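Please read these numbers as outputs of a predicted model, since none were measured by experiment.
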Amino acid sequence: MDRRVFRGMVALLLAVALGAQAAPAPSGSDTDLAVQAREAWAKRDRKRLADLVDAARGQNHPLAGWVEYFDLNARLTELRQADMEAFYARYAGSYVEDRLRNDWLLELGRRRDWANFRRDHAGYQMRDDREVACYALLAEQAGGNKISPDAARLAWMAQKDGDDGCQQLASAMVDAGLFKADTLWAKARLATEQGRPRAARQAVALLAAKPLDQKLAELQDNAGRYLARKARNSPRPEAELTALALARVAANDPAQAGDVLQDKWSVLPKDLQAWLWVQIGRQSALRLRDDALAAFERAGKLAPELDWSDDALAWNARAALRAKQPAAALRAIERLGASEQREPAWVYWKARATRMQGDAPAARAQLAALAASPLYGALNFFGRLAAEELALPTPLPPAPAPLTPDERRAARSHPGLSRALQLIALGLRSEGVREWNFSLRGMNDRALLAAAQEACDREVWDRCINTSERTRAEIDIAQRYPTPHRPELMREAQASGIDPAYVYGLIRQESRFVLDARSHVGAAGLMQVMPATAKWTARKVGMNYSPELMQDRDFNLRIGTSYLKLVLDRFDGAQALAAAAYNAGPNRPARWRDGPVVDAAVWAENIPFNETRDYVRKVLLGGAVYAQILGLPATSLRERLGASIGPAGARTADLADVPPAAAASAP
């Protein structure tokens, strides 16, 4: 008899014999108590959670910490510091300790319990919660320490959506006279630029002027009506509201916003006009309009000292590259924040713009540094492009020394990694990924390679790849670019007439080879095909289709490669266009190619969706790397990218109504 069944029968018989009312035993096997706790937590079933905690402790369950985490998180508002301290002691150094500490710090902040907050915050490891960062500054102030207005401003400006901690910090700064009206309006403008109306409302609310609150709500509801009926150019608060209304118009129709600004609102203060022209330029650039650069230039002339967001500067640079205006591109790139300027993309484009201006030696030096970078080089899209432009070889890195038995043993016995793999195996992927990533902190290259290999051996390919990508000096290409399902993938790629290296690059980006991967919008399986797309493709190529087949590896490969072939044919074999279509749908790249003929790398840089832009880069780079791994000839990234992209010839829009394979979303 199974021991678990035997234990359950013994417990029930004892309860009956003692005349006690037996508590319902948790259902399921010992290994799925964490799954049951996650489900009970979602339902806020406290009784069930308490029973599961008792069971987990009684069994010395390996995931007992997670069971207790769900229980305590469900009743956080009722707990005391002593409850937390007991949990911390039981699970010291684990991810659940730090995860619950994060949750508890938020609760202490909401309680304004600054003494306990300061004590708990000292042991907080992740330090990645923006609201906790704001509460930490408030706690410092409550403890009698002065906080820097600049630090408070940075924390508040980094807040994406309204939350209690950062709003309370801003309120305290206003009360202390350290945040003036110009700071509040700057936040409202930034939030409007980012499309975050709630954060804009919170900023304006700190001005403590009720009519302004009401007017902001009106213009957010209907900007056109507000401009027609209530907008004014003075005093300054009214001008700010008018600018916010015009920015909302620009988000929908930048040309209309430009016309209205010129015809009626050129009486606004110059800095607000300049900010609006930046917004008009940014929205025009996102739509690949030829007048984007003129709007940016107008902003610069109106208020040269105005600070632009990095996002606006990036789109200024992209519009300039598209318009073949290297001087304008350089000006925008050199105004980016220091960390942005160090990104490979902007190092590359700065070199390209420098070369376009005639300074070939400086451009070569910049490209050579990028190509030779140990962090980028041939395993980075821009590093590889740089190497190819200099006619440098792009060999794969040599394999590192084999892992020693001790290194393998350390990874295999690491408690956090073991728990993470258990969680992932149970279907608690989100929790498992977070525990895994927490466990990697502080690991050197050798430890990371060992952890990655542990994931590879378990066929947890996303952890295998992502962990290996963290190494700096030692690079294991077999971990970073694995080739699972090789016979099946080669067969389906050949049957569809597609380069298997391209398919590998796409799958690596789509699902990281996770067979049961499912996106939040329903894309499924290795090739992350949307149900409607799969159904359409099956009908087009004469395959039988049913939703449950999407989790079958061979069917998923077949339907995905069939769809990819159709998309490639639609775009005459252009891999960049086809990758963009696979992610964002065929209609979008068909529109994005309209306009002037541009260098293919410039076209890819101007893809309006952040997700799709990054996707195209990684799929094409993956194709080039996999070609080397598979021993195929097409290893050039530029060859895959193409020389130039422009309007299509006369072609039938046979995919016009087809949804994307993987459903990208706009930024």
Side-chain angles (χ1 to χ4, degrees), residues 371 373-388 392-403 445 448-450 452-515 526-528 553 556-557 560-561 564 568 575-576 578-579 582 614-641:
S373 167
L375 295 182
Y376 305 119
L379 295 184
N380 174 271
F381 180 85
F382 292 102
R384 196 177 185 103
L385 276 183
E388 290 179 1
L392 297 174
T394 56
L396 296 177
L403 292 165
D445 276 8
L448 288 168
L449 290 174
Q453 194 59 49
E454 194 67 18
C456 298
D457 291 347
R458 304 284 192 92
E459 298 186 357
V460 185
W461 297 112
D462 60 329
R463 294 307 92 206
C464 167
I465 295 167
N466 290 21
T467 304
S468 193
E469 284 186 328
R470 292 176 179 240
T471 64
R472 292 295 178 260
E474 299 196 52
I475 295 172
D476 188 335
I477 202 71
Q479 291 179 348
R480 293 196 183 193
Y481 288 85
T483 56
H485 320 297
R486 187 164 174 170
E488 296 80 13
L489 187 148
M490 298 293 284
R491 181 190 67 223
E492 296 302 336
Q494 184 178 14
S496 295
I498 304 178
D499 171 18
Y502 184 52
V503 179
Y504 258 122
L506 185 141
I507 294 177
R508 182 181 184 274
Q509 186 58 23
E510 280 289 354
S511 67
R512 286 290 200 255
F513 304 104
V514 176
L515 282 167
L526 282 175
M527 297 195 70
Q528 288 290 280
R553 178 195 60 195
N556 197 282
L557 284 169
T561 53
L564 184 56
L568 277 164
Q575 290 190 13
Y582 197 93
D614 184 63
Y615 180 91
V616 169
R617 292 172 184 167
K618 289 179 177 175
V619 169
L620 296 185
L621 174 67
V625 173
Y626 272 115
Q628 289 176 280
I629 292 169
L630 298 171
L632 301 175
T635 61
S636 164
L637 178 56
R638 173 54 78 168
E639 185 180 324
R640 291 173 177 276
L641 185 58

Exercise. Under 4.5 Å between any side-chain heavy atoms of Asp614 and Gln509, yes or no?
Worked result: yes
When rounded to the nearest 0.5 Å, the distance separating CG of Asp476 from CG of Leu403 is 7.5 Å
The reported gap from CG in Leu449 to OG1 in Thr471 (rounded to nearest 0.5 angstrom) is 5.5 Å
message = Is the shortest side-chain heavy-atom distance between Ser496 and Leu564 below 4.5 Å?
response = no
When rounded to the nearest 0.5 Å, the distance separating CG of Leu448 from CZ of Arg470 is 7.0 Å
All heavy atoms of Ala634 vs all of Ala627, minimum pair found to be O-CB, 3.3 Å
Enumerate donor-acceptor pairs with a distance under 3.5 Å from any side-chain N or O in residues 481-488 to protein atoms, sequence neighbours excluded.
| unit_1 | atom_1 | unit_2 | atom_2 | d |
| --- | --- | --- | --- | --- |
| Glu488 | OE2 | Arg553 | NH2 | 3.3 |

The side chain to side chain donor-acceptor pair (under 3.5 Å) partners of Asp499 (sequence neighbours excluded) come to Arg640
* Side chains of Val503 and Thr561 in contact at under 4.5 Å (non-hydrogen atoms) -> yes
Rounding to 0.5 Å, atoms CD (Gln628) and CD1 (Ile477) come to a distance of 8.0 Å
In short, Ala452 meets Ser468 closest at the heavy-atom pair CB-N, 3.8 Å
For Ala378 and Leu621, the nearest pair of non-hydrogen atoms, with its separation, is O-CD1, 3.7 Å
Q | Side-chain touch Trp461/Arg508, heavy atoms, less than 4.5 angstrom | A | no
*asked:* Can you tell me how the ring of Tyr626 sits relative to the ring of Tyr504, calling it parallel under 30°, perpendicular over 60° and tilted otherwise?
replied: parallel
- Kindly indicate, with the supporting measurements, whether the criterion salt bridge (Lys or Arg N to Asp or Glu O under 4.0 Å) is fulfilled by Glu469 and Lys618. CA-CA 13 Å; Glu469 284 186 328; Lys618 289 179 177 175; over 6 Å; no
Gln494 meets the side chain to side chain donor-acceptor pair (under 3.5 Å) criterion, sequence neighbours left out, with none
Asp445 side chain to Arg472 backbone, donor-acceptor under 3.5 Å = yes
In terms of heavy-atom contacts, Ile475 and Pro397 come closest through CG2-CG, 3.6 Å
Contact check, side chains of Asn556 and Leu515, non-hydrogen atoms, under 4.5 Å: no
request  = Without swapping roles, check the side chain of Gln575 against the backbone of Tyr502 for a donor-acceptor pair under 3.5 Å.
outcome  = no
For residues Gln528 and Tyr582, is any side-chain donor paired with an opposing acceptor at under 3.5 Å? no
Less than 4.5 Å apart, any side-chain heavy atom of Glu459 and any of Phe513? no
CD (Glu454) and CZ (Arg463) are apart, to the nearest 0.5 Å, by 14.5 Å
Result for side chain to side chain contact (heavy atoms under 4.5 Å, CB included) between Val514 and one of Leu526, Asp462, Val460, Ile507 points to Asp462
Of all heavy-atom pairs linking Glu510 and Tyr615, the shortest is OE2-OH, 2.6 Å
Separation between CG (Asn380) and CG (Leu385), nearest 0.5 Å, reads 9.0 Å
| query | Are any of the side-chain heavy atoms of Thr635 and Arg384 separated by less than 4.5 Å? | reply | yes
